Amino acid sequence: MVVAPPHPEARQPAVADTPQPASPRAATPSPGATLPAAPSDRARAAASRLADWFGVDADWEREPAGHQAYRRDLVLGAVFAAFAALSIQLGHSMGMFEGVDMPMWLVYLLGVASTVPLAWRRRYPLISLVLVYAAWFGLGLTIPTATMLLPMQIMYFVAMFTAVAWARDRRAMLIVVSACTLVMVGWVVWMFAVQQGIETILDEFPTPADWPGQLDPYLANAIYQVIMNLAFFGGAVAAGQAQWNAARRRELLAEQAVTIERQAAALTDQAVVTERVRIARELHDVVAHHVSVIGIQAAAARRVLDRDPALAAEALATIERESREGVTQMRNLVGTLRSVPDGAAPAGPDGGASRAPEPGLADLPALAAADHDGLDTTYRQVEEPPGAARDVPDPMGLSLYRTAQEAMANVRKHSTARSATVTLRVVRGPEALVDERFAHGFAEVEVLDDGRPRHGTSGSGLGQLGIRERVSTHRGVVEIGPRAIGGYRVRVRLPLPAPDEAATSARLGDAAASVEPAARPEAAG
């Protein structure tokens with residue numbers, strides 16, 4: 001409710017005439033009070049927000065559009081020129097240029113020439129804007145009807161939009177756009193006041209009784225012109241600035257994505273190096289401890305071998321136990337560098353890595369027959385000559401097994417496949433010669449599936465990187481990628497060694513297998 005102040009005559013003279021001392025309490029605001037912002041402060045804040053929106057002080061500059069965009073602008077300028085010529089011809093046929101005191105060829109020339117600056121609208125956006133609006137101003141003074149044609153109106157909008165969206169110097173853009181807008185607004189006011197004429201409207205609607213609507217026709221026309229021009233110029237500026245801001249956001253997001261990817265790669269490399277250093281220290285400690293014990297026990301066994309065979313046998317048993325424990329601990333430490341994929345061997349009873357022998361080619365049928373979440377898997381083995389798979393060294397067989405294991409894991413996780421085929425090929429002989437690396441034959445594992453990549457399940461790529469590293473260790477070849485007929489292929493081919501080297505490796509493997517069962521009870525106990 002608003003209360004009216006008392007009438008001046010009702011005041012007491014003593015109160016009205018006697019000056020009252022100002023109260024210091026009333027003059028000093030309380031600590032918790034908030035002073036209202038001055039109009040100048042609010043104006044500066046609004047101007048600052050507007051400058052931020054236009055990117056006046058931004059460190060970012062929009063990159064040039066490029067040669068392909070410049071060629072498209074040339075085509076656009078040619079299209080506008082043809083469109084302007086056609087519009088002038090149609091307007092001439094409708095009698096729009098009856099009052100023009102110049103030949104029609106000059107009207108065509110001026111109208112088409114005014115569209116030429118659009119051919120360089122993104123190469124020189126501010127210069128193009130100035131030329132287009134200067135041509136508009138010249139046509140408005142000489143041929144006002146030409147400026148009202150549709151291609152001309154579109155051209156003026158495009159020129160303003162491009163200048164705001166592509167100008168690299170934002171301060172110069174604001175100055176040029178503001179100047180062009182003021183000139184055009186002044187021209188519109190002059191056109192409305194002089195060429196349309198107040199007298200025409202007043203003669204046609206002299207009294208309010210003659211008005212067709214509720215408003216004065218002259219006032220309604222003025223309001224309409226103001227609204228239309230505000231929408232025209234304001235829309236062009238707002239749309240151009242929105243595109244400039246969108247381009248800046250896209251580039252900033254792209255830079256942030258590159259920075260995040262680079263930082264993630266650096267953190268991954270740092271974590272790998274840190275882990276390797278830690279394992280290297282632990283391996284050094286393990287090897288140093290067990291080798292020291294082995295050396296001491298070996299020296300003791302040598303000294304008492306002739307005098308006390310039982311004591312020498314005890315020392316040799318200690319050497320055997322320490323060597324096995326050292327190998328087991330080293331295998332456990334190296335195993336921490338690897339991420340065990342699905343289907344790997346189970347952990348040992350103590351929760352560490354399994355002490356079972358490393359898998360090889362003989363374990364491929366079991367890998368294919370395992371439960372793969374409903375995936376129908378077929379295993380095939382091709383040997384030329386029969387029994388050639390026995391010549392494959394154990395390290396090579398382990399690499400082929402790990403390749404098949406990783407490929408099957410990728411099929412389950414990242415593919416829509418319903419079936420897969422695991423094929424082992426071992427070919428010995430000169431007929432396997434593909435290049436000089438396969439002079440003694442090759443061992444190959446191939447995993448095929450019939451699916452497509454599953455959206456939203458892209459992995460880190462470390463599995464395929466590990467396959468390529470294994471293949472490079474054996475100087476083999478690898479093929480990973482989609483097939484032309486559908487599905488996906490992972491194929492690894494490793495060169496077989498010479499027959500005598502393979503036989504030696506097989507004999508060493510058989511000897512290790514014969515010693516392992518006797519040592520397992522002691523290791524398990």
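If you're wondering where the values come from, they're calculated on a predicted model, not measured in any experiment. Numbers for residues simply follow the sequence, beginning at 1. Just so it is clear, the values below take in all heavy atoms, side chains as well, and ignore hydrogens, waters and symmetry mates.
To the nearest 0.5 angstrom, S399 atom OG is 3.0 Å from H474 atom NE2. Here the straight-line distance linking atom CG of L400 with atom CG of L364 works out to 7.5 Å at 0.5 Å rounding. The CE atom of M173 lies 8.5 Å from the OG atom of S178; values are rounded to the nearest 0.5 Å. Atom CZ of F54 is separated from atom CG of N245 by 9.5 Å, given to the nearest 0.5 angstrom. Of the inter-residue distances, the one linking S292 atom OG with Q297 atom CD reads 11.5 Å to the nearest 0.5 angstrom. With values rounded to the nearest 0.5 angstrom, R491 atom CZ is found 14.0 Å from I467 atom CD1.
Under the 4.5 Å side-chain criterion, counting only non-hydrogen atoms from C-beta, D73 is not in contact with R123. Side-chain contact check for S419 versus T377: every heavy-atom pair is 4.5 Å or farther apart. Side-chain contact between V158 and L118: present, with at least one pair of heavy atoms (C-beta onward) separated by less than 4.5 Å. Residues L375 and V411 have side chains in contact (heavy-atom distance under 4.5 Å, counting atoms from C-beta outward). Taking the side chain as every heavy atom from C-beta outward, T421 and V447 never approach each other to under 4.5 Å. Using a 4.5 Å cut-off on side-chain heavy atoms (C-beta onward), L253 and E251 make no contact. With contacts defined as side-chain heavy-atom distances shorter than 4.5 Å, the pair I296/I294 does not qualify. Between L76 and L74 the shortest side-chain heavy-atom distance does not fall below 4.5 Å.
Residue G476 comes nearest to P495 through the heavy atom pair CA-CD, 3.9 Å, listed as atom of the first residue, atom of the second, then distance. Of all the heavy atoms in V132 and P117, the pair that sits closest is CG2-CB, 3.7 Å. Minimum interatomic distance between A417 and S415 (heavy atoms only, all atoms of both residues): N-OG, 3.1 Å. Heavy-atom minimum distance, D450 versus R418: OD1-N, 3.1 Å. Heavy-atom minimum distance, P365 versus A362: CD-O, 3.4 Å. Nearest heavy-atom pair, V422 versus A404, reported as atom, atom and distance to 0.1 Å: CG1-CB, 4.4 Å.
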Criterion side chain to side chain contact (heavy atoms under 4.5 Å, CB included) on V392 and V426, from CA distance to verdict = CA-CA 8 Å; V392 179; V426 182; 4.0 Å; yes
Go through the steps for R248 and L252 under the test side chain to side chain contact (heavy atoms under 4.5 Å, CB included), then give the verdict.
-> CA-CA 6 Å; R248 177 171 64 171; L252 292 178; 3.9 Å; yes
Test L367 against Y379 for side chain to side chain contact (heavy atoms under 4.5 Å, CB included), laying out the working first.
-> CA-CA 9 Å; L367 175 65; Y379 176 74; over 6 Å; no
Given side chain to side chain contact (heavy atoms under 4.5 Å, CB included), test V237 with M160 step by step and report yes or no.
-> CA-CA 7 Å; V237 171; M160 180 72 75; 4.1 Å; yes
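Ring geometry for F438 against F442 counts as perpendicular: the plane angle is over 60°, on a 0 to 90° scale with 30° as the lower cut. Ring geometry for F233 versus Y133: interplanar angle of 30 to 60°, hence tilted.
Residue Y124 qualifies as open at atom OH: its count of foreign heavy atoms under 6.0 Å is 12 or below. More than 12 heavy atoms of other residues, nucleotides or ligands shown are found within 6.0 angstrom of CZ on R72.
Looking only at distances, a side-chain donor or acceptor of R428 sits under 3.5 Å from a matching main-chain atom of H440. The backbone N or O of A266 lies less than 3.5 Å from no partner atom in the side chain of D269, so there is not a single donor-acceptor pair. With hydrogens and angles disregarded, no donor-acceptor distance shorter than 3.5 Å links the side chain of R493 to the backbone of V445.
Remark: E479 engages R489 in a salt bridge, criterion side-chain N to carboxylate O under 4.0 Å.
Side chain to side chain, Q381 and E383 meet the donor-acceptor criterion of an N or O pair below 3.5 Å. Side-chain polar atoms of Q405 and R402 form a donor-acceptor pair below 3.5 angstrom.
The side-chain hydrogen bond (donor to acceptor under 3.5 Å, both in side chains) contacts involving residues 162-173 comprise D57-R171, E61-R168, R121-T162, R170-Q241, where partners must be two or more places apart or lie in separate chains.
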